[in-house]
Amino acid sequence: MIVLHGEQVHCLICKHGFEFDIFVGSALVDMYAKCFEMRAAGRMFDEMPERNLVSWNSMIVGFLLNKLYDQAVRFFTEVLGETLITPDQIIKTGFGMNTCVSSSMITMYAKCGSLVDAQRVFQESEYPNVVSWTAIISACQQHGCANQVIELFENMLEEGIKPDYITLVSVLSACSHTGRVEEGFAYFNSMTTVHSLNPGPEHYACMVDLLGRAGRLNEAKRFAESIPIKPDASVWGALLGACRNHGDLEMGRDVADKLFEIEPNNPGNYVLLCNMYTRNGRLEEANEVRRLMGVNGVRKEPGCSWIDVKNETFVFTAHDRSHSRTKEIYEMLEKIKQLVKKKVYVAATQFAINNVEEYKEQSLWYHSEKLALAFGLLTVPAGAPIRIKKNLRTCGDCHTVMKFASEIFNREIIVRYINRFHQFVDGLCSCRDYW
DNA sequence: GTAGGGTTAG
């Protein structure tokens, strides 16, 4: 809708003959991109008689804003007129010294699963500012290294760098994911008493998550209800997740009802409640939730896992048989199963949600992350870590199998679930099973 | 006229 005003101004610009001005043209590209009209932005860009750095940047930023990441990269390589730029080239050009670039690189490495590289970039950055510090703090947070988060945060304060809103989100999240309830509250309180920061919905969500994850559901609920601002979906979402983790169906149902009103199109809430009913053997109610999903036109995003091998990305869905090496993959899966069973492993069939009893255990073995693991064991050279990413949270059974596999095959396995990393080494996970 | 870091949930 807003673009209507922009179009009117665009018309006026044309009438007065300013459409070929490079400043005006770039601003129009930017305007269309920000109105989520990327095609119009592209047309504008194509029609510009000349373009400069800002025009190109406006296009790239526009792609990012519209979540067209691949196109952003393609466009960028077009600017350079060469193939993809590598981190090595960034260092050579000297751009690595730029704090914008280096903080982005910290984030990039962390999100690609390499915390050590992220740390190296941070150490090499000359004048880290609040964004650089927050980038490395978040990186450690996403990798479950809460000790480092706290250490870095304290170092940052000693260096005289003032934390901001986002820094505290990461610190609080680190506390919640490692059961540091008291410390979490201390940091939360320090926002107002020390740092002059007003907590926002994200901070409140972290605090509800902190209490909820620790199993203190009633306190979490009371906290959510006492928030001075109107609690948003993320606050109730955190509480619903805690109800699922700790099996509180009654509270879960109340919270889910709230969420269905606030965000009826979010499939996650339906799935959580449905799973809770199923796990409690209340299949009729579970079906009712599924029906509600259908009525509201909501569809569950299918779970999938992917793994990079030699510059190629392989994607697996549950029960996937589309890969050319499917036979070997399923054989490897069988092998993992036999070896794991020799340990004290017992299939956690409560995580097999939609299956008839006798198929439950077998079905667990075809979760997408296990398929990716089997493929990784077949293809990733010994000694190199197996890196898997998954778009959804994993189930308890997969988490257990990853631990066993790391020990049995003597492999480091790094798995990202949504946006947090678990590192499995010698039969243990970096999250120490608190997740 | 453009540009870096973030939470919960399947």
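Keep in mind that this is a model prediction, so the values were computed, not measured. A note on names: the letters A, B, ... follow the listed sequences, proteins ahead of strands, and every chain is numbered from 1.
At the heavy-atom level, A:Arg213 lies under 4.0 Å from the strands shown only through sugar-phosphate atoms. Using a 4.0 Å heavy-atom distance criterion, A:Leu272 is classed as a sugar-phosphate-only contact. In this structure, A:Lys390 reaches neither bases nor backbone, as no heavy-atom distance under 4.0 Å exists between it and the strands shown. Using a 4.0 Å heavy-atom distance criterion, A:Ser234 is classed as a base contact. Contact annotation for A:Val271: backbone-only contact, meaning every heavy-atom pair under 4.0 Å involves sugar-phosphate atoms and none involves a base. Using a 4.0 Å heavy-atom distance criterion, A:Tyr270 is classed as making no nucleic acid contact. Within 4.0 Å (heavy atoms only), A:Asn266 reaches at least one base atom of the nucleic acid. When heavy atoms are screened at a 4.0 angstrom cut-off, A:Glu263 is found touching no nucleic acid atom at all. Note on A:Asn391: nothing from the nucleic acid sits closer than 4.0 angstrom, heavy atoms only. As judged by a 4.0 angstrom heavy-atom cut-off over every strand, A:Asn269 is placed among residues making no nucleic acid contact. Across all strands shown, A:Ser176 has no heavy atoms under 4.0 Å from either base or sugar-phosphate atoms.
Within residues 114-138 of chain A, the residues that have a heavy atom under 4.0 Å from DNA chain B are, in order of number, A:Asn129, A:Val130, A:Val131, A:Thr134, A:Ser138. Listed by residue number, A:Asp30, A:Lys34, A:Asn52, A:Val54 are the residues of residues 29-56 of chain A with a heavy-atom contact under 4.0 Å to DNA chain B.
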Dump the intermediate steps for salt bridge (Lys or Arg N to Asp or Glu O under 4.0 Å) on A:Glu47 and A:Arg43, then the final yes or no. CA-CA 6 Å; A:Glu47 286 164 11; A:Arg43 268 199 305 276; 5.4 Å; no
When you look at A:His323 and A:Phe316, which way does the ring pair (Phe, Tyr, Trp, His ring centres under 6.0 Å) test go after all the steps? CA-CA 8 Å; A:His323 194 277; A:Phe316 294 90; 5.8 Å; yes
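Rounding to the nearest 0.5 Å gives a distance of 13.0 Å between CD1 of A:Ile60 and CG of A:Leu68. Rounded to the nearest 0.5 angstrom, A:Glu369 CD and A:Met402 CE are separated by 5.5 Å.
A salt bridge does not link A:Lys258 to A:Glu261: none of the charged side-chain nitrogens sits closer than 4.0 Å to a carboxylate oxygen.
Counting heavy-atom neighbours within 6.0 Å of A:Glu284 CD, excluding the residue itself, gives a total of 12 or less.
Chain A approaches DNA chain B over the interval B:dG1 to B:dG10, counting the first and last nucleotide 5' to 3' with an atom under 4.0 Å from its heavy atoms.
Aromatic ring orientation, A:Tyr204 versus A:Phe223: tilted (interplanar angle from 30° to 60°).
Checked by atom type and distance alone, the side chain of A:Asp209 never pairs as donor or acceptor with a backbone atom of A:Ala205 at under 3.5 Å. For the pair A:His143 (side chain) and A:Ala110 (backbone), a donor-acceptor distance under 3.5 Å is present.
Within the 4.5 Å cutoff, side-chain heavy atoms of A:Tyr330 are placed close to those of A:Leu371.
Stacking of A:Arg51 on the aromatic ring of A:Phe45 is recorded, both the 6.0 Å distance cut-off and the 45° axial limit being met.
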